[in-house]
Amino acid sequence: LVHVPATTKKGRIELEYQFNDQRVFDEDFTVEQPFSSEQPVQVKWSRGAVMMEKTSGVLHRLVFLPDVRIEADVEVHQPHDFGLLAVEESNEFRAVLFNIANTKFKLKKGDAAKVNPGHLLWYIGQGVWSAADKDAHGFIKIAEKNRSKLESGDRLKLEFERRKDQAEGTFQGKTDGVHLKGKVVGDDGSTMGPGRVGLFTHSGIILVKSVRISGVVDMEWFRKELAFMVAADPGPDPDDGK
């Protein structure tokens with residue numbers, strides 16, 4: 001299901017992408033809007049890099065158990081509102097975001113709503129915050145550093161990891177850095193299940209140079225995906241060559 005060399009060790013798969021081949025990018029990642037926004041999706045591949053702007057998500061196609069790590073080398077062109085995320089593979093939207101230099105996401109509702117600045121780990125989705133309106137996704141802040149010194153032109157190594165009900169986010173550059181860790185549990189007591197991992201922007205602009213992923217694939221999802229692929233491929237025509 002992937003188009004780069006992969007190594008496996010004790011049930012974990014490890015993958016690395018340098019984005020030198022557009023076909024590999026197109027087949028191993030999906031480009032989509034990661035959460036509701038009035039901004040369009042804007043992602044452009046160029047040899048050796050992927051430019052992300054507006055409200056855009058680039059998600060790897062594999063579904064991982066809550067035992068996964070993603071790293072990305074990025075060049076910052078607009079130093080706010082971007083990061084790494086995991087999105088649950090289910091009919092209900094749930095996601096964990098490692099959000100760099102937030103200027104968009106707000107806490108509370110109505111006139112009381114205020115932007116929570118800085119670097120944050122968010123847990124977002126249905127049932128996450130009991131006070132959320134029925135037609136809205138709830139937000140819970142699970143870790144933060146409430147200021148950002150990040151500047152345009154910085155080159156960052158972003159790291160995000162899920163382990164059971166724990167999430168951890170780290171980045172380090174010349175102008176700023178942070179290490180955040182928190183528990184992924186909503187007001188309803190639930191945590192997030194298997195999901196896909198990737199990068200997002202929410203008005204920030206980043207140039208993604210490389211991505212590395214290490215994790216345990218959800219084998220229940222894999223068996224279903226493989227069966228779907230087999231059913232969709234009728235195989236060679238028995239009359240070919242006759």
Side-chain angles (χ1 to χ4, degrees), residues 4 15-22 24-26 28-35 37-60 69-87 95-106 114-122 124 141-161 167-182 197-214:
V4 293
L15 308 161
E16 183 169 354
Y17 293 88
Q18 299 293 333
F19 300 121
N20 292 316
D21 187 331
Q22 185 173 7
V24 171
F25 173 67
D26 291 341
D28 284 14
F29 293 85
T30 62
V31 173
E32 52 196 270
Q33 193 163 76
F35 33 75
S37 173
E38 294 180 355
Q39 294 186 109
V41 174
Q42 190 168 324
V43 175
K44 184 178 180 180
W45 175 89
S46 61
R47 183 167 296 280
V50 176
M51 181 69 80
M52 298 179 62
E53 304 181 45
K54 309 298 183 181
T55 300
S56 302
V58 170
L59 294 170
H60 196 267
R69 178 183 182 87
I70 177 171
E71 302 175 5
D73 293 320
V74 305
E75 185 178 287
V76 180
H77 289 212
Q78 191 74 268
H80 57 81
D81 300 290
F82 65 90
L84 301 173
L85 80 166
V87 180
V96 181
L97 275 61
F98 177 36
N99 184 191
I100 309 302
N102 175 56
T103 70
K104 295 292 184 181
F105 291 117
K106 300 178 179 180
K114 293 183 179 180
V115 169
N116 196 128
H119 312 309
L120 301 108
L121 285 173
W122 295 106
I124 302 175
K141 174 176 60 178
I142 59 178
E144 72 172 327
K145 178 182 177 182
N146 61 10
R147 63 188 182 279
S148 173
K149 300 184 293 182
L150 188 62
E151 297 179 6
S152 294
D154 207 343
R155 182 79 177 260
L156 308 181
K157 180 181 180 181
L158 303 176
E159 303 173 62
F160 174 70
E161 186 170 12
E168 192 168 351
T170 304
F171 83 82
Q172 187 59 58
K174 290 184 178 180
T175 62
D176 203 359
V178 74
H179 179 205
L180 301 174
K181 187 175 182 178
V197 294
L199 299 100
F200 76 92
T201 53
H202 194 23
S203 77
I205 303 174
I206 57 174
L207 187 68
V208 185
K209 297 285 191 174
S210 65
V211 170
R212 292 167 296 281
I213 301 172
S214 171

Derivation and outcome, side chain to side chain contact (heavy atoms under 4.5 Å, CB included), residues V197 and L84: CA-CA 8 Å; V197 294; L84 301 173; over 6 Å; no
From CA spacing to verdict: side chain to side chain contact (heavy atoms under 4.5 Å, CB included), F25, V211: CA-CA 11 Å; F25 173 67; V211 170; over 6 Å; no
Trace of the side chain to side chain contact (heavy atoms under 4.5 Å, CB included) decision for H179 with E168: CA-CA 8 Å; H179 179 205; E168 192 168 351; 2.4 Å; yes
Test side chain to side chain contact (heavy atoms under 4.5 Å, CB included) applied to H77 and E75, step by step: CA-CA 6 Å; H77 289 212; E75 185 178 287; 2.8 Å; yes
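Looking only at side-chain heavy atoms (C-beta outward), V50 and L199 stay at 4.5 Å or farther from each other. V76 has its side chain within reach of F82: a pair of non-hydrogen atoms, C-beta onward, lies under 4.5 Å apart. Two residues are said to be in side-chain contact when any heavy atoms from C-beta on lie closer than 4.5 Å; F19 and W45 meet this criterion. Annotation: side chain of V208 is not in contact with side chain of V58 (no heavy-atom distance under 4.5 Å). Residues V96 and F160 form a side-chain contact, since some pair of their non-hydrogen atoms from C-beta on lies under 4.5 Å apart.
In this structure, the separation between CG on L121 and NZ on K141 is 11.5 Å, given to the nearest 0.5 Å. Taking OH of Y17 as the start and CG of D28 as the end, the distance is 3.5 Å to the nearest 0.5 Å. Here the straight-line distance linking atom NZ of K149 with atom NZ of K174 works out to 15.5 Å at 0.5 Å rounding. Atom CD of residue E16 and atom OG of residue S214 lie 11.5 Å apart, to the nearest 0.5 angstrom. With rounding to the nearest 0.5 Å, the separation of OG in S203 from CD in Q78 is 7.0 Å. Note that the CG atom of N116 and the NZ atom of K106 stand 12.5 Å from one another [nearest 0.5 Å].
Heavy-atom minimum distance, L59 versus G198: CD2-N, 3.8 Å. I205 and M51 make their closest contact through CG2-SD, 3.7 Å (heavy atoms, listed as atom of the first residue, atom of the second, distance). Minimum interatomic distance between S56 and V43 (heavy atoms only, all atoms of both residues): CB-CG2, 3.6 Å. For the pair I142 and A167, the tightest heavy-atom approach, listed with the atom from each and the gap, is CD1-CB, 4.4 Å. Nearest heavy-atom pair, Q172 versus G177, reported as atom, atom and distance to 0.1 Å: OE1-CA, 3.8 Å. Closest heavy-atom contact between L180 and K145: CD2-N, 3.9 Å.
Counting only distance, with no hydrogens or angles, the side chain of D176 and the backbone of S148 share no donor-acceptor pair below 3.5 Å. In terms of modelled atom types and a separation under 3.5 Å, the side chain of H119 and the main chain of A101 share a donor-acceptor contact. Looking at D154, its side chain does come within 3.5 Å of a backbone N or O of T175 through a donor-acceptor pair. The closest donor-acceptor contact from the side chain of S37 to the backbone of T55 lies at 3.5 Å or more, if one exists at all. Without hydrogens or angle criteria, N146 side chain to G118 main chain gives no donor-acceptor distance under 3.5 Å. Using modelled atom types, one side-chain atom of T201 and one backbone atom of K54 make a donor-acceptor pair closer than 3.5 Å.
For the residue pair E159/T170, the side-chain donor-acceptor check at 3.5 Å is not satisfied. In this structure, a donor-acceptor pair under 3.5 Å is absent between the side chains of N99 and H202.
Each of R212, R69, K181 was checked for a salt bridge (Lys or Arg N to Asp or Glu O under 4.0 Å) with E161, and the lone residue meeting it is R69. With F200 as the partner, the side chain to side chain contact (heavy atoms under 4.5 Å, CB included) test is satisfied by one option alone out of D81, V87, L85, I100: L85.
Aromatic ring orientation, F105 versus F35: perpendicular (interplanar angle above 60°, classes split at 30° and 60°).
Within a 6.0 Å sphere centred on CZ of R155, other residues, nucleotides and ligands contribute more than 12 heavy atoms.
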